[in-house]
Amino acid sequence: MLVFLTCFGGSFPAAADIAVTRADCDRLVKHQPAPGVEYQPGVDVHGRPVAPADIGGGYQIKPPETIIIPIEILIQDRFNIPTNSVLWNAKAQVGVVTVKGDQVYYEGQLLGDSEAAALEQLCREQMPAE
């Protein structure tokens, strides 16, 4: 199945028809589990109680709400610095990526694509999940 979209303005110089296939939509649309299928500790798929798999209580590790990833360049690779130089392990930080939930930021600016979000919405409307 193909969906044809007519786009005006934006990154297109004039009106343009775009064909979007089911495979394209499958890559664009974020998975949303059906209601009631989320993992529930202590019960099986039919709602019957089961013994926990983590003997001894398991680990109670909670991941951080915010993940910070520094983006660095090794100077020796960029400028062919010899191994005997005092600059051998020098690094230059070029930015910071921050992940909060399912949002990704670079230097505090939300990374996203409004066109991709619009296509995702059209895919949801035109090609419901199978």
Side-chain angles (χ1 to χ4, degrees):
M1 175 180 203
L2 291 175
V3 172
F4 288 94
L5 311 171
T6 301
C7 300
F8 299 95
S11 57
F12 298 99
D17 286 335
I18 301 170
V20 181
T21 65
R22 164 62 74 177
D24 295 329
C25 281
D26 289 344
R27 282 191 299 273
L28 283 169
V29 176
K30 290 180 187 174
H31 173 69
Q32 293 182 338
V37 298
E38 296 88 19
Y39 168 73
Q40 295 179 16
V43 296
D44 69 8
V45 69
H46 302 290
R48 295 182 297 239
V50 296
D54 51 352
I55 297 173
Y59 297 101
Q60 303 302 318
I61 297 173
K62 183 180 178 205
E65 291 184 22
T66 301
I67 299 170
I68 298 171
I69 306 164
I71 307 298
E72 299 173 332
I73 295 175
L74 295 175
I75 301 295
Q76 72 266 18
D77 293 343
R78 182 86 172 169
F79 297 105
N80 299 318
I81 296 174
T83 57
N84 61 351
S85 171
V86 295
L87 297 175
W88 170 247
N89 274 334
K91 298 177 186 175
Q93 184 166 319
V94 295
V96 175
V97 173
T98 306
V99 180
K100 296 179 184 177
D102 65 350
Q103 302 290 313
V104 180
Y105 301 83
Y106 177 75
E107 293 294 313
Q109 180 178 352
L110 179 63
L111 297 181
D113 185 345
S114 58
E115 285 87 5
L119 281 173
E120 179 179 352
Q121 181 60 35
L122 284 168
C123 283
R124 286 190 188 282
E125 293 169 3
Q126 299 295 321
M127 294 185 189
E130 294 178 335

Item to check | Shortest non-hydrogen contact from Gln93 toward Pro70 | outcome: OE1-CB, 4.0 Å

Checklist entry - So does Glu65 have more than 12 non-hydrogen atoms from other groups sitting under 6.0 Å from CD? => result no

Next on the checklist: Does Gln103, at its CD atom, have more than 12 non-hydrogen atoms belonging to other residues, nucleotides or ligands within less than 6.0 Å?
Outcome noted: yes

Checklist entry - Glu72 side chain to Lys91 main-chain N or O, any donor-acceptor pair under 3.5 Å? => result no

Checklist entry - Do Ile69 and Leu111 belong to the same hydrophobic cluster, where Ile, Leu, Val, Met, Phe, Trp and Tyr are linked whenever their side-chain heavy atoms lie under 4.5 Å apart, directly or via other members? => result yes

Next on the checklist: Apply side chain to side chain contact (heavy atoms under 4.5 Å, CB included) to residues Thr66 and Thr98 and explain how you reach the verdict.
Outcome noted: CA-CA 7 Å; Thr66 301; Thr98 306; 3.4 Å; yes

Checklist entry - Step by step, would you call Val104 with Val97 a side chain to side chain contact (heavy atoms under 4.5 Å, CB included)? => result CA-CA 7 Å; Val104 180; Val97 173; 3.7 Å; yes

Next on the checklist: I need the minimum non-hydrogen distance between Ile61 and Pro63, along with the two atoms involved.
Outcome noted: O-CD, 3.8 Å

Item to check | Distance-minimising heavy-atom pair for Tyr106 and Val94 | outcome: OH-O, 2.7 Å

Checklist entry - Glu107 and Val96: side chain to side chain contact (heavy atoms under 4.5 Å, CB included), yes or no, with the steps? => result CA-CA 5 Å; Glu107 293 294 313; Val96 175; 3.8 Å; yes

Next on the checklist: Test of understanding: clusters of I, L, V, M, F, W, Y form through side-chain heavy atoms closer than 4.5 Å, transitively. Do Ile81 and Ile73 belong to the same one?
Outcome noted: no

